[in-house]
Number of protein chains: 2
Amino acid sequence: MDAEAIKRSLEGSGLRCTPQRYAVMAFLMEHTRHPTAAEIFEAVNRVDPRSSRATTYNNLRDLVQAGLVREVAVEGRAARFDAKGMRHHHFICDRCGNVEDMEWYDVPRPPSRALGKRILRECELIFRGHCTKCAPRHASR
Amino acid sequence: MDAEAIKRSLEGSGLRCTPQRYAVMAFLMEHTRHPTAAEIFEAVNRVDPRSSRATTYNNLRDLVQAGLVREVAVEGRAARFDAKGMRHHHFICDRCGNVEDMEWYDVPRPPSRALGKRILRECELIFRGHCTKCAPRHASR
DNA sequence: TGAACGATTTAGATTATATCTAATGTGATA
DNA sequence: TATCACATTAGATATAATCTAAATCGTTCA
């Protein structure tokens, strides 16, 4: 993990590199398991207890707005966060709610007829089903 | 709106056609604007005030499980619901959070190498950007 | 240096969303 | 009619996220 690189990417997006913001970003880069805000808050605070819940949420919001982090909404569960490294799609497990990365491949754009006057920022492909852990228990429930 | 058809589709999925459940389903079929649970509860109750919040949520859960309704999670906002009629994709507005239907087209499946031991149920394509209403105000954040 | 100002952080309250509980009601069937 | 599973209810509770107002930090620049 290159501390300098994190600092540069924060500042390149017009965000100061504060200790709390750095900690959130570094945690997301080390943990690609798509943690929730609560998990990030807890983990960051365990290392250095000078950080409040509000700051974690504020920083996550800022990082998402800056385009450095992606937020993934999951039905009925807390949102999950993901440092944008390599491009990838997401697989969401119906059963345990975990979010996993899926190899990237190009998605066909919608025909402009369908788009109308809307302005498209991105296309996202979400796969749903049972993850490797939950697949064997597929029948139950 | 064919009341008999709704009744049949509920019963075909093993769900009793109760007045409350019928009302939720009928409302979703009439309103394709992807209402939130709170909006559905309010609307259904305005017509016939014998319905509780819990029942609305229970029925939405049952309808989603039965595959008659789709739930769309939106970051930072309440989930939205959508009777599954014609197949379609979704466009979510970054600005106002509204969910709109987009003409359906086939999505390439992931290579089985990427899928591994996961069991795929569905692929969902989500477009993001600014909707027709919000596009003109594009500059102002 | 230090005054000033905007950005950031904080603890805790608040809001928003969704689920749970325990009691009650309903309808099909025997 | 008695029974049983399914449904519903009001309100409490849980969970997720945001807001508030005060304090602090960093940077700029006189």
Side-chain angles (χ1 to χ4, degrees), chain A residues 6-7 10-25 27 34-66 68-81 96-97 99 141, chain B residues 6-7 10-27 34-66 68-69 71-81 96-97 99 141:
Chain A
I6 293 178
K7 187 159 184 287
L10 289 176
E11 292 176 347
S13 299
L15 297 172
R16 271 199 212 148
C17 184
T18 67
Q20 294 89 338
R21 191 171 284 151
Y22 176 90
V24 167
M25 192 65 201
F27 183 82
H34 307 83
T36 62
E39 285 163 357
I40 297 166
F41 169 59
E42 207 199 330
V44 161
N45 240 36
R46 205 169 322 127
V47 176
D48 176 357
R50 295 171 314 147
S51 183
S52 76
R53 182 204 331 290
T55 299
T56 302
Y57 276 94
N58 286 344
N59 282 328
L60 283 169
R61 190 205 341 91
D62 295 344
L63 292 168
V64 168
Q65 280 197 348
L68 298 173
V69 167
R70 173 185 300 272
E71 177 174 356
V72 185
V74 183
E75 312 77 40
R77 301 175 199 253
R80 284 149 180 285
F81 296 87
C96 67
V99 177
R141 171 169 202 272
Chain B
I6 293 179
K7 187 158 183 287
L10 290 176
E11 291 176 348
S13 300
L15 297 171
R16 270 196 213 152
C17 183
T18 67
Q20 293 87 340
R21 190 171 286 152
Y22 175 91
V24 167
M25 192 66 201
F27 183 81
H34 308 83
T36 63
E39 286 163 358
I40 297 165
F41 170 59
E42 206 198 329
V44 162
N45 240 37
R46 205 171 318 129
V47 176
D48 175 358
R50 296 170 314 147
S51 184
S52 75
R53 181 201 329 288
T55 300
T56 302
Y57 276 94
N58 287 343
N59 282 328
L60 284 168
R61 190 208 335 96
D62 296 343
L63 292 168
V64 168
Q65 279 196 347
L68 298 173
V69 167
E71 178 174 356
V72 185
V74 183
E75 313 76 41
R77 306 181 136 105
R80 283 149 182 284
F81 297 86
C96 66
V99 177
R141 209 196 153 236

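Residue numbering restarts at 1 for every chain, and letters A, B, ... go by the order of the sequence lines. All heavy atoms count here, side chains included; hydrogens, waters and symmetry mates do not.
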Return the value, rounded to whole Å, for the distance between atom CG of N45(A) and atom P of dT10(C). 8 Å
Flag yes if more than 12 heavy atoms outside R77(B) fall under 6.0 Å of its CZ atom; otherwise flag no. yes
Is there a side-chain contact between L15(B) and L63(B) in this structure, where contact means two heavy atoms from C-beta onward sitting under 4.5 Å apart? yes
Indicate for each nucleotide in nucleotides 6-24 of chain D, in 5' to 3' sequence, whether protein heavy atoms under 4.0 Å reach the base (B), only the sugar-phosphate (S), or nothing (-). BSSBBB----SBBB-----
What pair of heavy atoms forms the shortest contact from R50(A) to P19(A), and how long is it? NH2-CB, 4.2 Å
Hey, does the side chain of R21(A) reach the backbone of R16(A) with a donor-acceptor pair shorter than 3.5 angstrom? yes
List the residues meeting side-chain contact (heavy atoms from CB on, under 4.5 Å) with A79(A), not counting sequence neighbours, and say none if there are none. E71(A), F81(A)
Length of the line joining E42(B):CD and dT17(C):P, which is rounded to integer Å: 12 Å
